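Inspection log for the structure reproduced underneath, given as structure tokens.
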2 protein chains.
Amino acid sequence: MHTALPPIRTEPLRTACSACNLRELCLPLGLSSADMEKLDGLISTRRTVPRGESLFRANEPFHALYAVRTGFFKTCLSAEDGRVQVTGFQMAGELLGLDGIGSGNHTVDAQALEDSSVCVLPFSDLENLAREFGALQMQLHKIMSREIVRDHGVMMLLGSMRAEERVAAFLLNLTQRLQARGYSANEVVLRMTREEIGSYLGLKLETVSRTFSRFQDDGILDVKQRQITVKSPEALQRLVSTAAC
Amino acid sequence: MHTALPPIRTEPLRTACSACNLRELCLPLGLSSADMEKLDGLISTRRTVPRGESLFRANEPFHALYAVRTGFFKTCLSAEDGRVQVTGFQMAGELLGLDGIGSGNHTVDAQALEDSSVCVLPFSDLENLAREFGALQMQLHKIMSREIVRDHGVMMLLGSMRAEERVAAFLLNLTQRLQARGYSANEVVLRMTREEIGSYLGLKLETVSRTFSRFQDDGILDVKQRQITVKSPEALQRLVSTAAC
DNA sequence: CGTCTGATTGATGTGATTCAACACGGGTGG
DNA sequence: CCACCCGTGTTGAATCACATCAATCAGACG
């Protein structure tokens, strides 16, 4: 410990991909350190998004993908008639904006559910870099493919699961992703409202609330507002995997 | 007209991408003719899939994407507990297999609903070619992105639409895709059963059947088994867009 | 011509929604 | 510092849309 002057930059030194603690979860996964340095050069901008603000909105022109550094987002698809569907929740290391590539315009709103920061990945630069580095290209393709697979899972959930199973699957998915980021698998602080969970799961907020209460009665969860303690992950797992029987 | 000997090859000359009538709907979209010739070289194999057979199955290793040349497919996701979700129906010009890129294994079963044929696109070759031709890379990214957007639309459908709206949206989507391929927008021969439609839409087959009947009573459709005549596309459109009101 | 799969239709059941009342907690302003 | 308020969450009762169960029908096919 030294007693020298305080650092001149109050802002912390910009974390490079190569030094980012998310590199095993994010775009750089599988890249050599040489390739990763090239990727560092690409990320010239970062952006902070205060809670409640949008990172981008539907119909805005698409220019970049965004990698969540810190915080938590939701993506919403809006229908002409005003209905809104939450299509996903994104946490650190996950990519936002893939929906915009196809048409050149974003198709969903990405809103921060808590104060958040993202790395901006200008897409044409990313494509250029991907053409140079097969590993980056492959990783990008894998990420897009996994998003498709995730969506298929949600389709299964929405198409054929009952409320209890949906909520159980949602909680398991959330805890697993948090665990991969070094958090406890049993303690979750929900960043979203019951209504947002319901929208994602195709349920009304009352049904989500009731299901949480039932899980608490059954000793599976401890629910204190948004503070959830998973007392029996096994029970949740049983609910999703033996659902039809 | 000449009277010479019959052609030596009974098989018709292989259609190249550059000469394919699907090129405006398929991967080659937007490629220069020079690029398209390179793509021709990539497609060394074609495959026919008889009705009822699988093009690939979940958990099989992923090697290639498939472009539907003729016919009709469904993709199914199976849960451990035996439940099955139809995740999509694919027709001429559409790509199959994107789900397999992420893990290296297919995650769904792709089954032909009628005798079909596909172009086989070995994925590593495709990635190599995409690295050479920015236009091909861009087109591949767009196709994957559009699949994500489509999935989001299905999530909206499954999450917040009622049975009538789901069936109306399904029929509209089908007729629009058929129309883009030169078929009538009013006459549809369904290639799938009521049960498969129901699985896709998150409904039971009886509900699908009843909804068809109701549409017929309302004068919106003419239903004769799998032969559907859309008498009022406007009414269908109204159902999906003014649903919440 | 009988069999079989897929489709239709009706009667009944039920899980989720709707509507409504109330509770909680965090923030603001008197 | 407390009263009030507002967004959020919980809970109950009634309702409804879809599922379930069951019978019958229509074509396709051997």
Side-chain angles (χ1 to χ4, degrees), chain A residues 51-52 74 83-86 111 113-114 157-171 188-218 221-229 239 243-245, chain B residues 50-52 74 83-86 111 113-115 157-171 188-218 221-229 239 243-245:
Chain A
R51 175 188 161 139
K74 69 168 177 179
R83 267 184 300 206
V84 176
Q85 172 77 29
V86 172
Q111 191 183 353
L113 296 181
E114 61 180 346
L157 181 142
L158 292 170
S160 63
M161 288 187 173
R162 290 179 310 98
E164 286 197 350
E165 310 165 34
R166 296 187 199 191
V167 174
F170 168 73
L171 286 173
V188 191
V189 178
L190 298 177
R191 255 67 232 216
M192 67 296 276
T193 66
R194 303 288 192 261
E195 184 168 21
E196 287 161 338
I197 298 172
S199 172
Y200 182 61
L201 298 179
L203 301 169
K204 293 292 152 184
L205 67 95
E206 294 96 328
T207 306
V208 175
S209 178
R210 274 185 244 271
T211 307
F212 278 158
S213 300
R214 188 156 342 124
F215 285 169
Q216 183 159 31
D217 294 347
D218 296 349
L221 298 182
D222 221 71
V223 184
K224 275 209 200 78
Q225 300 285 121
R226 298 197 181 178
Q227 172 71 49
I228 308 282
T229 308
L239 267 168
C245 314
Chain B
R51 176 189 161 138
K74 69 167 177 179
R83 268 185 299 207
V84 176
Q85 173 77 30
V86 172
Q111 192 183 350
L113 296 180
E114 60 181 345
D115 290 351
L157 180 143
L158 292 170
S160 63
M161 288 187 174
R162 290 180 310 100
E164 286 197 350
E165 309 165 35
R166 295 186 199 191
V167 174
F170 168 74
L171 286 174
V188 191
V189 178
L190 299 176
R191 254 67 228 215
M192 68 295 276
T193 66
R194 303 289 192 262
E195 184 168 22
E196 286 161 339
I197 298 171
S199 172
Y200 182 61
L201 298 179
L203 301 170
K204 293 293 152 183
L205 68 97
E206 294 96 329
T207 305
V208 175
S209 179
R210 273 184 244 273
T211 307
F212 279 157
S213 299
R214 187 155 345 122
F215 285 169
Q216 183 160 32
D217 294 347
D218 297 348
L221 298 181
D222 220 73
V223 183
K224 276 210 200 76
Q225 299 287 122
R226 298 199 182 176
Q227 171 72 47
I228 308 283
T229 308
L239 267 169
C245 313

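Keep in mind that this is a model prediction, so the values were computed, not measured. The sequence lines fix the lettering, A, B, ..., with proteins before strands; numbering per chain opens at 1.
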Ignoring hydrogens and angles, answer whether the base of D/dC18 and the side-chain atoms of B/Glu164 contain a donor-acceptor pair closer than 3.5 Å.
no
Does a side-chain N or O of A/Ser213 approach OP1 or OP2 of D/dT11 to a distance below 4.0 Å, or not?
yes
Kindly say whether, by distance alone, the side chain of A/Glu206 makes a donor-acceptor pair under 3.5 Å with the base of C/dC19?
yes
Check the distance between D/dT8's C1' and A/Met192's CE and give it to me in whole angstrom.
15 Å
Please classify the nucleic acid contact of B/Val208 as base, sugar-phosphate, or nothing, using heavy-atom distances under 4.0 Å.
nothing
Using atom CD of A/Gln227 as one end and atom C1' of D/dT8 as the other, report the distance to the nearest whole Å.
17 Å
Rounded to whole Å, how long is the line connecting atom CD1 of A/Ile197 with atom P of D/dT8?
13 Å
Separation of C/dG6 atom C1' from B/Arg194 atom CZ, nearest Å, is 9 Å
I'd like to know if B/Arg210 reaches the base of C/dG10 with its side chain, counting only an N/O donor and acceptor under 3.5 Å.
yes
Nearest-Å distance for atom pair CG/P, residues B/Asp222 and C/dT8:
12 Å
Using atom CG of A/Leu158 as one end and atom P of C/dG15 as the other, report the distance to the nearest whole Å.
19 Å
Side chain of B/Leu203 - closest among C/dA7, D/dC18, D/dT8
D/dC18
Taking B/Ser209 for the side chain and B/Leu205 for the main chain, is one N or O donor matched with an acceptor at less than 3.5 Å?
no
Do you know which of A/Glu196, A/Arg194, A/Glu195 makes side chain to side chain contact (heavy atoms under 4.5 Å, CB included) with A/Met192?
A/Glu196
Rounded to the nearest Å, what distance is computed from the CZ atom of residue A/Phe215 to the P atom of nucleotide D/dT10?
14 Å
Using modelled atom types and a 3.5 Å cut-off, is there a donor and acceptor pairing between side-chain atoms of B/Thr211 and backbone atoms of B/Val167?
no
Which one, C/dA7, D/dT8, D/dT20, comes nearest to the side chain of A/Arg226?
D/dT8
Between B/Glu165 and A/Arg83, is the closest basic N to carboxylate O distance under 4.0 Å?
yes
Mind checking if B/Gly202 touches a base, just sugar-phosphate, or nothing, with heavy atoms under 4.0 Å?
sugar-phosphate
What integer distance in Å separates B/Ile228:CD1 from C/dA7:C1'?
11 Å
Criterion salt bridge (charged side-chain N to carboxylate O under 4.0 Å, His left out) on A/Glu114 and A/Arg51, from CA distance to verdict
CA-CA 4 Å; A/Glu114 61 180 346; A/Arg51 175 188 161 139; over 6 Å; no
Within the structure shown, what part of the strands sits under 4.0 Å from A/Thr193 by heavy-atom distance: base, sugar-phosphate, or nothing?
sugar-phosphate
